[in-house]
Amino acid sequence: MPMNLKPSFQPGRDLPPEVFRQAVAQADMAISITDPQATILYVNEAFSRVTGYSAAEAQGRNESILSNHTTPREVYADMWQALASGHSWSGRLLNRRKDGSQYLAELAITPVLDGEGRIAHYLGMHRDISELHRLVSQVRNQKALIESVVDGAPVALALLDETGRVVLDNQEYKKLLTDLGVAEPAHLLLETALPGWRSQLLGRAAGALPPRELRIDRPGGALPRWFSCSALPIATLDEQADGFYETEPKHYLLLVASDVSALRQGQEKARLAALRSLMAEEEHAAALRESLSAALYRLEGPLNVMSSAIAMLKSREPAMSSALESALGEGRQHLEELRRLIPHDTQEAPAPVNINEVLRDVLDVCTGRLLANGITVTWQPTPTLPAILGRPM
């Protein structure tokens, strides 16, 4: 029994030419067909919308009616060289509409060959990308301006990704690599400001880190550095094509570190001078306490002898013992008044103390005396240490 087999679909043979003509006519991209001399033979409606030339006005005229005559000649030379070789060409030309307004055209031209392999026509397709060019240029300009501002900023900036890797920084931040002598200054600053920064600041629901002042001690006797640091979480959209429909953002952390060392060093000098003055006062008060205490101790001896003599005379010479007892009382009263004049040894209330700061204060205060006695101290401090509870003085 013979089988009725339906022939397979053959594109181009089964579709009537009218379908192709309507597809070209209704296409949203400007399409034109020219002869080998670029004389326009056909344009579609989109061509008329983009250029302002109707089909009747465009047909029979050269494609050069669209030229604004400002596109570099090298571009046209490259275009005609490719087309003459039978190859397609694509590029951008600065065109001019019928009303004289300019627009940037993204153009693709394909040679159409006849049965003998010769160029019979050119098929041109182009679209107005002026607005796209404006937006792209605006983004590039803003990027250049932002990069210039960021690089010229007087504060150190570092952008960290979700893994803690620094993906963007500026010149001030790069200086810290040498100044602090660490592989990643951002990690040192964040660890000092907030030891659990990786879990707290890099989390998806992280909040901002308010400004905090940090002290970083450096080895080799170098002066410590002070920074005012803050951190701000940032979320951005995925730039990859597969993230077009994904709404999950990428998370970053922006670290801002302002070097306030000059200000703090001036304050430290004033504090150190006050510390030296306070220590001198404490030494003077301690010497005075020691002298008065010794004097009181020596005066207590005669008074005790008088007290014993009074006890012995009470039964024999009541009148004399009474007079001596009165004198003894006055003497003890004067001793108490003298005792009240002894300076008290006051102590500050316990507070968090920076060990590095205490050690540096000791070295700053005692360096002169140490050197005078032939003692040199080499100190290699850890950049940051946890605070302990103690009395600063």
Side-chain angles (χ1 to χ4, degrees), residues 153-160 164 166 169-202 206-233 253-279 347-368 370 376-393:
V155 297
L157 299 171
L159 186 67
L160 293 81
V166 175
D169 58 22
N170 67 346
Q171 292 299 323
E172 287 297 316
Y173 180 80
K174 289 180 173 65
K175 293 178 183 177
L176 297 182
L177 295 171
T178 303
D179 293 347
L180 299 182
V182 294
E184 204 59 87
H187 294 176
L188 173 62
L189 295 174
L190 287 169
E191 189 67 31
T192 306
L194 191 67
W197 67 275
R198 288 184 180 273
S199 59
Q200 295 186 43
L201 297 182
L202 294 179
L209 173 68
R212 295 185 181 180
E213 191 169 295
L214 315 175
R215 172 179 171 140
I216 306 296
D217 285 276
R218 298 182 293 169
L223 292 174
R225 298 285 294 276
W226 285 268
F227 297 92
S228 178
C229 297
S230 60
L232 178 68
L253 182 68
L254 177 63
L255 173 67
V256 181
S258 177
D259 190 343
V260 294
S261 299
L263 174 63
R264 285 306 306 267
Q265 283 169 7
Q267 294 174 346
E268 283 297 300
K269 288 180 180 178
R271 188 183 67 82
L272 194 59
L275 179 61
R276 287 193 176 100
S277 175
L278 183 60
M279 289 182 63
Q347 290 186 339
E348 296 182 9
V353 176
N354 185 313
I355 301 177
N356 279 335
E357 185 175 346
V358 173
L359 291 175
R360 182 171 289 277
D361 286 346
V362 171
L363 291 176
D364 288 340
V365 171
C366 300
T367 295
L370 291 173
T376 59
V377 178
T378 301
W379 185 34
Q380 301 290 335
T382 301
T384 59
L385 290 174
I388 63 172
L389 197 62
R391 293 183 174 90
M393 276 296 296

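To the nearest 0.5 Å, the span separating CG on L189 from CD on E184 amounts to 10.0 Å. Put simply, CZ on R264 and CZ on R225 are 14.0 Å apart, with the number rounded to the nearest 0.5 Å. Rounding to the nearest 0.5 Å places CG of N170 at 11.5 Å from CG of L159.
No donor-acceptor distance shorter than 3.5 angstrom exists from the side chain of S230 to the backbone of L209, with no hydrogens or angles considered.
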Just do the side chain to side chain contact (heavy atoms under 4.5 Å, CB included) check on V182 and H187 with the steps written out, would you? CA-CA 9 Å; V182 294; H187 294 176; over 6 Å; no
Do W197 and L255 pass the side chain to side chain contact (heavy atoms under 4.5 Å, CB included) test, and can you show the C-alpha distance, the side-chain angles, and the key distance before you say yes or no? CA-CA 12 Å; W197 67 275; L255 173 67; over 6 Å; no
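In this structure, D259 and D179 have side chains that are not in contact, with every pair of non-hydrogen atoms separated by 4.5 Å or more. A heavy-atom distance below 4.5 Å is found between the side chains of D169 and K174. Side-chain atoms of R212 and L194, non-hydrogen and from C-beta on, do get closer than 4.5 Å to each other. Within the 4.5 Å cutoff, the side chain of F227 has no heavy atoms near those of the T192 side chain. Taking the side chain as every heavy atom from C-beta outward, L190 and L253 approach each other to under 4.5 Å.
Summarising the geometry of S228 relative to V260, their closest heavy-atom pair is N-CG2, 4.1 Å, with the distance given to 0.1 Å. The two residues A158 and V166 make their nearest non-hydrogen contact at CB-CG1, 4.2 Å. The two residues R215 and P224 come nearest to each other via the heavy atoms NH2-CG, 3.8 Å.
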